[in-house]
Visitor: 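My structure is below; once you've seen it, I'll send some questions.
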Amino acid sequence: MVASAATAAFFPVASPPPESGGKTSGKLGGGPASVDARGIRSKSAASGGLQVKANVQAPPKVNGSKVGVLEGYKIENETSSPPPRTFINQLPDWSMLLAAITTIFLAAEKQWMMLDWKPKRPDMLVDPFGLGRIVQDGLVFRQNFSIRSYEIGADQTASIETLMNHLQETALNHVKSAGLLGDGFGSTPEMCKRNLIWVVTKMQVLVDHYPTWGDVVQVDTWVDSSGKNGMRRDWLVRDCKTGDILTRASSLWVMMNKKTRRLAKIPDEVRVEIEQYFVDSPPVVDEDGRKLPKLDDSKAEYIRTGLTPRWSDLDVNQHVNNVKYIGWILESAPPPIVESHELAGMTLEYRKECNRDSVLQSLTTVLENGIDRLADSGFVECQHLLRFEDGGEIVKGRTMWRPKFTKRIGGVGQLPAEST
């Protein structure tokens, strides 16, 4: 019975004529005489056009209940509904997903090709994150710096402190790229085992030209031995665009025990670590053998007192960064010289370190012609002393100044010759 009712709903068959209109109306609730196979009324044309006659069978009874054509209509609608959602038909459109992945990879490849940090020679080791690279057979470290707006001064050029910070940064990155960086600030693993750190004893700097905002400078640095217990580090700074040499610097370093704060000899284990990176080449700056004379209150023409280190002036070795001393020395530079001249070179000798609680004084005197003949003298030399309030010497120095916009001093330094 159920099967015949469902079949009748999908495949209409002829049915016997109804006994009477009233009887049919009574059983189906007054249904129309002209219906389609689903029990839906068909309208006739107003001009007596074709009419669709009903092909309906009498509603059968299933378990005493009448099953009419409306039930058949419901079954047909359920059959034509979309299939149920399964794991397979819920998967994404793979063609669209593949197109999205391809687009991402093409965009990444375009950005990759725009980066110009790839090595131009096979002997270059390149760091894509801008920490520099090893050149010259693995003995010279090279790093580029962009001069930022906050690194320039009133003359619209980079300050001497900015240049010195670049030198220090390349020195530390050189140690890191060579795989010798231990737990300390530039200390090797063997130095860390013995609580040893590097301290600078002498620094010579010649500035041929100051870069300005937006310029990119290239800094090369390398090391060599200095005596039995010292190390020399040199720097050469160029303009990336023109290749002109901007700055040359040479420094001497010794070891100090981090706990006792006393100078120490270089242990054999440390020497084995570092001597393979020594470059046998002359200093990039000729040694200034002139002795720095003693400077005291009676000879100093300009004195600046009450200088105190801040917490931010200390490095990880818990002493004042050597670049900070340069700023304190220039605190007492004569204003007429600073306004009309620029720093062309300096020689610094570091005697003691200072800590956070120290109170310092900066002393300066002008050599030879003096401050009254600046217009006629051209280059001017000054002598400096940074000391504790009780008189203990921290840094002694000599600076050379040239009239602003005057270029080129001394000889031109060269990179160590590349081995063949």
Visitor: Can you tell me how far apart CD (Glu389) and OG1 (Thr308) are? Round to the nearest 0.5 Å.
Guide: 10.0 Å
Visitor: Assess whether side chain to side chain contact (heavy atoms under 4.5 Å, CB included) is satisfied between Ile152 and Thr157, documenting all intermediate values.
Guide: CA-CA 5 Å; Ile152 63 175; Thr157 58; 5.9 Å; no
Visitor: Examine the side chains of Asn321 and Gln168 and answer whether a donor and an acceptor come within less than 3.5 Å of each other.
Guide: yes
Visitor: I need the minimum non-hydrogen distance between Glu273 and Met191, along with the two atoms involved.
Guide: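 Distance-wise, the nearest heavy atoms are OE1-N, 4.4 Å.
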Visitor: Is the side chain of Asp215 donor-acceptor paired with the backbone N or O of Pro211 at a distance under 3.5 Å, no angle test?
Guide: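 Not confirmed, Asp215 side chain does not pair with Pro211 backbone.
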Visitor: What verdict does the side chain to side chain contact (heavy atoms under 4.5 Å, CB included) test give for Phe145 and Val216, after you've listed the backbone C-alpha separation in whole Å, the side-chain angles of each residue and the deciding distance to 0.1 Å?
Guide: CA-CA 6 Å; Phe145 295 92; Val216 179; over 6 Å; no
Visitor: Could you check whether any side-chain N or O of Thr221 sits under 3.5 Å from a backbone N or O of Asp234, counting only pairs where one atom can act as donor and the other as acceptor?
Guide: yes
Visitor: Is the shortest heavy-atom distance from the side chain of Val237 to the side chain of Ile245 under 4.5 Å?
Guide: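 A side-chain contact is absent here, since even the closest heavy-atom pair is not under 4.5 Å.
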Visitor: Can you see whether Thr242 engages Asp244 through a side-chain donor-acceptor pair at a distance of less than 3.5 angstrom?
Guide: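 Yes, because at least one side-chain N or O of Thr242 sits under 3.5 Å from a partner of the opposite role on Asp244.
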Visitor: When the ring planes of Phe141 and His174 are compared, do they come out parallel, tilted or perpendicular, using 30° and 60° as the limits?
Guide: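 Judged by the thresholds at 30° and 60°, the geometry between Phe141 and His174 is parallel.
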Visitor: Given the rule in the side-chain hydrogen bond (donor to acceptor under 3.5 Å, both in side chains) test, do Asp296 and Ser298 qualify, once you have shown the distances and angles that lead to the verdict?
Guide: CA-CA 5 Å; Asp296 53 26; Ser298 61; 2.5 Å; yes
Visitor: Could you walk me through whether Arg356 and Leu314 pass the side chain to side chain contact (heavy atoms under 4.5 Å, CB included) test, one step at a time?
Guide: CA-CA 7 Å; Arg356 184 185 177 188; Leu314 304 181; 4.1 Å; yes
Visitor: Are side-chain heavy atoms of Glu353 and Arg261 found at a separation under 4.5 Å?
Guide: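 Glu353 reaches Arg261 side chain to side chain.
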Visitor: Is it the case that the side chain of Glu151 and the backbone of Ser159 share a donor-acceptor pair, with hydrogens and angles ignored and the cut-off at 3.5 Å?
Guide: no
Visitor: Any side-chain to backbone donor/acceptor pair from Lys396 onto Gln383? Under 3.5 Å, distance only.
Guide: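 No, because the side chain of Lys396 does not come within donor-acceptor range (under 3.5 Å) of the backbone of Gln383.
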Visitor: So, the side chain of Ser187 versus the backbone of Leu196: is there a donor-acceptor pair under 3.5 Å, distance only?
Guide: yes
Visitor: Quick one: NE2 on His166 to CG on Asn144, what's the gap to the nearest 0.5 Å?
Guide: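 So the NE2 of His166 and the CG of Asn144 are separated by 10.5 Å.
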Visitor: Measure across Gln218 and Cys240 and return the closest heavy-atom pair with its distance rounded to 0.1 Å.
Guide: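 Smallest heavy-atom distance, with atoms named: CB-SG, 3.5 Å.
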Visitor: Step by step, would you call Lys352 with Glu393 a salt bridge (Lys or Arg N to Asp or Glu O under 4.0 Å)?
Guide: CA-CA 7 Å; Lys352 291 183 179 180; Glu393 294 182 346; over 6 Å; no
Visitor: Might you work through the salt bridge (Lys or Arg N to Asp or Glu O under 4.0 Å) test for Asp288 and Arg290, ending with a clear yes or no?
Guide: CA-CA 6 Å; Asp288 187 354; Arg290 294 179 297 169; 3.1 Å; yes
Visitor: To check you understand the geometry: which heavy-atom pair defines the closest contact between Arg148 and Trp213, and what is its length?
Guide: C-CD1, 3.7 Å
Visitor: Using side chain to side chain contact (heavy atoms under 4.5 Å, CB included), reason through Lys404 and Asp155 one step at a time and then give a plain yes or no.
Guide: CA-CA 9 Å; Lys404 291 182 179 178; Asp155 294 329; 2.8 Å; yes
Visitor: Scan side-chain atoms only and decide if Gln204 and Ser250 contain a donor-acceptor pair under the 3.5 Å cut-off.
Guide: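 Side-chain D/A pair, Gln204 to Ser250: absent.
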Visitor: With no hydrogens and no angle check, is any side-chain donor or acceptor of Asn229 less than 3.5 Å from a backbone partner on Ile266?
Guide: yes
Visitor: Can you find a pair of side-chain heavy atoms, one from Trp235 and one from Ser251, that are under 4.5 Å apart?
Guide: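 Result yes, sub-4.5 Å side-chain heavy-atom pair found.
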Visitor: Short question: side chain of Lys202, backbone of Glu349 - any donor-acceptor pair under 3.5 Å?
Guide: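 Not a single qualifying donor-acceptor pair exists.
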Visitor: For the residue pair Tyr350 and Val200, what are the closest heavy atoms and their distance?
Guide: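 The answer is CB-O, 3.4 Å.
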Visitor: Please report the interatomic distance CD1(Ile197) to NZ(Lys258), rounded to the nearest 0.5 Å.
Guide: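 Separation between the atoms: 7.0 Å.
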Visitor: Drop me the distance from Tyr277's OH to Asp224's CG, to the nearest 0.5 angstrom.
Guide: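 Rounded to the nearest 0.5 Å, the OH-CG separation comes out at 15.5 Å.
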Visitor: Kindly determine whether Gln156 and Thr212 satisfy side-chain hydrogen bond (donor to acceptor under 3.5 Å, both in side chains), including the steps that lead there.
Guide: CA-CA 6 Å; Gln156 300 181 10; Thr212 187; 5.7 Å; no
Visitor: Just to verify, which of Asp220, Thr170, Asn173 counts as forming a side chain to side chain donor-acceptor pair (under 3.5 Å) with Gln143?
Guide: Asn173
Visitor: Hey, could you give me the CD/OG1 distance between Glu301 and Thr364, rounded to the nearest 0.5 Å?
Guide: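 That separation rounds to 9.0 Å.
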Visitor: For a 4.5 angstrom cut-off between non-hydrogen side-chain atoms, does Leu348 reach Tyr325?
Guide: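 Result no, sub-4.5 Å side-chain heavy-atom pair not found.
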Visitor: Side chains of Val366 and Ile337, heavy atoms from C-beta outward: is any pair under 4.5 Å?
Guide: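 Yes. Closest side-chain heavy atoms under 4.5 Å.
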Visitor: Let's go through Glu269 and Arg194 carefully: what are the C-alpha distance in whole Å and the side-chain angles of both, what is the deciding distance for salt bridge (Lys or Arg N to Asp or Glu O under 4.0 Å) to 0.1 Å, and is it a yes or a no?
Guide: CA-CA 10 Å; Glu269 294 82 357; Arg194 296 163 175 79; 3.3 Å; yes
Visitor: Assess the side chains of Ser358 and Asn355: does a donor N or O sit below 3.5 Å from an acceptor N or O?
Guide: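 Their side chains do contain a donor-acceptor pair, which is all the 3.5 Å distance test asks for.
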Visitor: Is any side-chain heavy atom of Ile329 closer than 4.5 Å to one of Met346?
Guide: no
Visitor: Answer yes or no: is there a donor N or O on one side and an acceptor on the other, between the side chain of Arg402 and the main chain of Asp208, under 3.5 Å?
Guide: yes
Visitor: Where the side chain of Asp297 meets the backbone of Ala300, is there a donor-acceptor pair that is under 3.5 Å apart?
Guide: no
Visitor: Which heavy atom of Phe379 sits nearest a heavy atom of Pro403, and at what distance?
Guide: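 Heavy atoms only, the tightest pair is N-CD, 4.2 Å.
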Visitor: Do Leu206 and Thr247 have side chains that get closer than 4.5 Å, going by heavy atoms?
Guide: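 They are not in contact (no side-chain heavy atoms under 4.5 Å apart), so the answer is no.
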Visitor: Mind checking the CG-CZ spacing from Leu246 to Arg248? Nearest 0.5 Å is all I need.
Guide: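 With rounding to 0.5 Å, CG (Leu246) is 10.5 Å from CZ (Arg248).
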Visitor: Taking the side chain as every heavy atom from C-beta outward, state whether Ser225 and Met231 have any atom pair closer than 4.5 Å.
Guide: no
Visitor: Closest approach of Ala249 and Val284, non-hydrogen atoms and distance?
Guide: O-CG1, 3.2 Å
Visitor: Do any N or O atoms from the side chain of Ser362 and from the backbone of Arg304 form a donor-acceptor pair under 3.5 angstrom?
Guide: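 A pair under 3.5 Å: no.
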